[in-house]
Number of protein chains: 2
Amino acid sequence: MERASTTSRKRSILDAALSCFSENGVEGTTIQDIQRAAGCSVGSLYHHFGSKEGVAEALWLDAIARFNAAMLRALEKAESGESAVRSVVTTYCSWTARHAPLARFLHSRDIEFSPAAKESQKALQSAYIHRVFEIFAPFARAGEVAELPLHTYVPLISGPIEAYVRRWLSGDAPSPVKVQDIFAEAAWNAVKGPSAR
Amino acid sequence: MERASTTSRKRSILDAALSCFSENGVEGTTIQDIQRAAGCSVGSLYHHFGSKEGVAEALWLDAIARFNAAMLRALEKAESGESAVRSVVTTYCSWTARHAPLARFLHSRDIEFSPAAKESQKALQSAYIHRVFEIFAPFARAGEVAELPLHTYVPLISGPIEAYVRRWLSGDAPSPVKVQDIFAEAAWNAVKGPSAR
DNA sequence: TTGTTTCTAGAACGAAATTCTAATTAACTT
DNA sequence: AAGTTAATTAGAATTTCGTTCTAGAAACAA
């Protein structure tokens with residue numbers, strides 16, 4: 001297992017990296033920037049993360065894990081297909097608003113993942129998606145949610161709010177909380193099934 | 001005005017850059033790669049584009065301009081709100097399929113725009129959006145398209161298909177032509193107005 | 001203690017972006 | 001046509017920045 005000092009050093013590097021990245025983008029920040037902001041040496045940074053990409057990847061995986069956890073916490077409370085679908089949209093909005101810099105980093109995705117990181121990412125996402133479908137399965141079986149090609153659900157439900165949030169993050173649209181009901185409504189309309197019309 | 005030889009040299013650099021970027025990503029390609037592929041010198045490249053970022057930005061703007069032009073050509077043929085909305089989705093699909101490398105580059109957005117490029121980009125987009133709303137205005141006035149907050153139309157219509165295409169481009173979903181009708185339907189449902197229900 | 005592993009430091013290195021100066025080419029005057 | 005100017009190209013020189021390397025400190029186990 002990992003020393004306590006190691007955990008906190010890693011955390012401080014990730015936090016420093018996030019603040020540098022938000023300031024100047026990934027390309028725009030140097031190892032020195034991160035290292036100075038975290039108050040550690042170059043050697044320490046490389047010892048823990050291997051490369052600048054490595055830092056970005058770790059931050060990305062960390063952010064996704066946190067987002068997924070928040071989403072699942074919300075979804076597990078849902079008692080109908082409709083409330084689950086609406087919850088995806090509203091949780092997306094509120095998480096993004098509460099973690100704007102992280103969300104901005106996730107959206108910017110100016111990262112080219114190493115094969116190893118791609119693996120971790122796929123593993124993370126497929127476990128998450130699996131759990132999400134588990135939650136939705138009973139509502140789908142009851143006909144409350146429509147039967148559609150597998151890969152269309154996520155885009156249909158989250159696509160619009162994601163696109164909107166991207167605009168908001170780059171300063172081109174007002175806060176998503178003001179329009180979240182419109183998007184929740186649209187999401188539900190897009191996937192509601194025969195027994196819910 | 002620009003010399004003919006200049007225009008073609010720029011073009012050859014942009015084409016070379018696109019092929020290098022698709023091959024190895026933006027980070028992964030060096031100035032030398034581009035320069036060799038384009039058959040020009042370092043000096044020439046810097047003379048025309050100022051930096052590697054500058055090349056990426058120019059390519060991005062060029063791609064967006066081409067996409068916008070294709071979309072407007074399609075929209076100008078539409079004779080109803082419904083056909084216009086559906087056309088956004090299907091044109092998005094077909095353009096993306098026909099220009100996969102460009103589309104992949106546009107989606108990867110591992111580019112950090114310089115302030116100047118951000119300006120050009122905003123100018124381009126706002127002229128485009130302005131024209132799009134001009135096309136939709138008569139249908140909106142007739143109540144065929146619903147009245148919604150200004151910034152929600154584009155995400156509601158294009159968000160889902162964009163999200164789907166992103167998955168397709170990264171190899172996680174089958175070709176969009178197979179599902180474009182589902183997304184066209186959803187788009188129209190999301191924005192159709194009182195007189196169209 | 002003493003050996004062992006993990007972690008930290010920062011100088012040294014090398015690759016790649018960028019700058020700079022000189023040469024070349026095209027366009028325009030007169 | 002010769003001369004003048006501006007645009008373009010070339011490639012060597014420089015700089016910046018990511019990464020590697022070696023030595024030493026700190027935590028831990030025996």
Side-chain angles (χ1 to χ4, degrees), chain A residues 1-60 105 108 110-117, chain B residues 1-60 105 108 110-117:
Chain A
M1 202 34 220
E2 195 169 73
R3 289 181 199 170
S5 68
T6 299
T7 311
S8 72
R9 162 83 3 132
K10 278 187 170 177
R11 185 77 264 149
S12 78
I13 292 175
L14 290 181
D15 292 345
L18 176 59
S19 100
C20 293
F21 291 165
S22 332
E23 194 90 11
N24 307 311
V26 177
E27 294 244 323
T29 84
T30 71
I31 290 288
Q32 266 201 20
D33 292 338
I34 301 176
Q35 169 237 322
R36 268 201 287 259
C40 74
S41 71
V42 188
S44 180
L45 199 153
Y46 274 86
H47 175 73
H48 292 300
F49 296 101
S51 68
K52 184 168 123 174
E53 278 290 282
V55 176
E57 290 171 354
L59 184 58
W60 206 90
F105 175 70
S108 85
D110 27 21
I111 303 160
E112 277 152 27
F113 285 106
S114 67
Chain B
M1 202 36 220
E2 195 169 73
R3 289 181 199 170
S5 68
T6 299
T7 311
S8 71
R9 164 84 357 135
K10 279 187 170 178
R11 184 76 266 148
S12 78
I13 293 176
L14 290 181
D15 292 345
L18 176 59
S19 100
C20 293
F21 292 164
S22 331
E23 194 90 11
N24 307 311
V26 177
E27 295 244 325
T29 84
T30 70
I31 289 288
Q32 265 200 20
D33 292 339
I34 302 176
Q35 170 236 322
R36 268 201 287 260
C40 73
S41 71
V42 187
S44 180
L45 201 153
Y46 274 87
H47 174 73
H48 292 300
F49 297 102
S51 70
K52 186 169 120 174
E53 277 289 283
V55 176
E57 288 171 354
L59 184 59
W60 206 89
F105 175 71
S108 84
D110 27 21
I111 304 159
E112 278 149 27
F113 285 106
S114 67

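Just so you know, these numbers come straight off a predicted model, no measurement behind them. Reminder, nothing fancy here: chain letters follow the sequence lines and each chain counts from 1.
The nearest whole Å value for the distance from the CD1 atom in B:I13 to the P atom in D:dT8 is 11 Å. For A:L45 and C:dC7, the CG to C1' distance is 13 Å, given to the nearest whole Å. In this structure, A:Y46 atom OH and C:dA11 atom P are separated by 16 Å, rounded to whole Å. Between B:Q35 atom CD and D:dA12 atom P the separation is 11 Å, expressed in whole Å. One atom, CD1 of A:I31, and another, P of D:dC17, lie 11 Å apart when rounded to the nearest Å. Rounded to whole Å, atom C1' of D:dT15 lies 13 Å from atom CD of A:Q32. In this structure, B:E27 places its CD atom 18 Å from P of C:dA15, rounding to the nearest Å. The NE2 atom of A:H47 sits 15 Å away from the C1' atom of D:dT22 (whole-angstrom rounding).
Set against D:dT8, C:dA9, C:dT18, the side chain of A:R9 has C:dA9 as its closest nucleotide. Closest to the side chain of B:C40, out of D:dT19, D:dA10, C:dA17, is D:dA10. In this structure, the nucleotide among C:dA17, C:dT19, D:dT19 sitting nearest to the side chain of A:K52 is D:dT19. For A:S44, taking side-chain heavy atoms from C-beta onward, the closest of the listed nucleotides D:dA10, D:dT19, C:dT8 is C:dT8. Picking from C:dG10, D:dT9, C:dT19 the nucleotide with the shortest atom distance to the side chain of B:H48 gives D:dT9. Among the nucleotides D:dA10, D:dA7, C:dG10, the one closest to any side-chain atom of A:S41 is C:dG10.
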*Take B:E112 and A:V26 through the test side-chain contact (heavy atoms from CB on, under 4.5 Å) and record every step on the way to the result.*
CA-CA 8 Å; B:E112 278 149 27; A:V26 177; 4.0 Å; yes

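In terms of heavy atoms, A:A17 sits closest to A:V55 at CB-CG1, 3.6 Å.
Under the 3.5 Å distance criterion, with hydrogens and angles disregarded, no donor-acceptor pair is assigned to the side chains of A:E53 and A:S114.
Between B:G43 and B:A4, the residue anchored nearer the 5' end of DNA chain C, judged by the nucleotide with its closest heavy atom, is B:G43.
Two residues are said to be in side-chain contact when any heavy atoms from C-beta on lie closer than 4.5 Å; B:K10 and B:L14 fail this criterion.
Under a 3.5 Å cut-off, the side chain of B:D33 and the backbone N or O of B:T30 do form a donor-acceptor pair.
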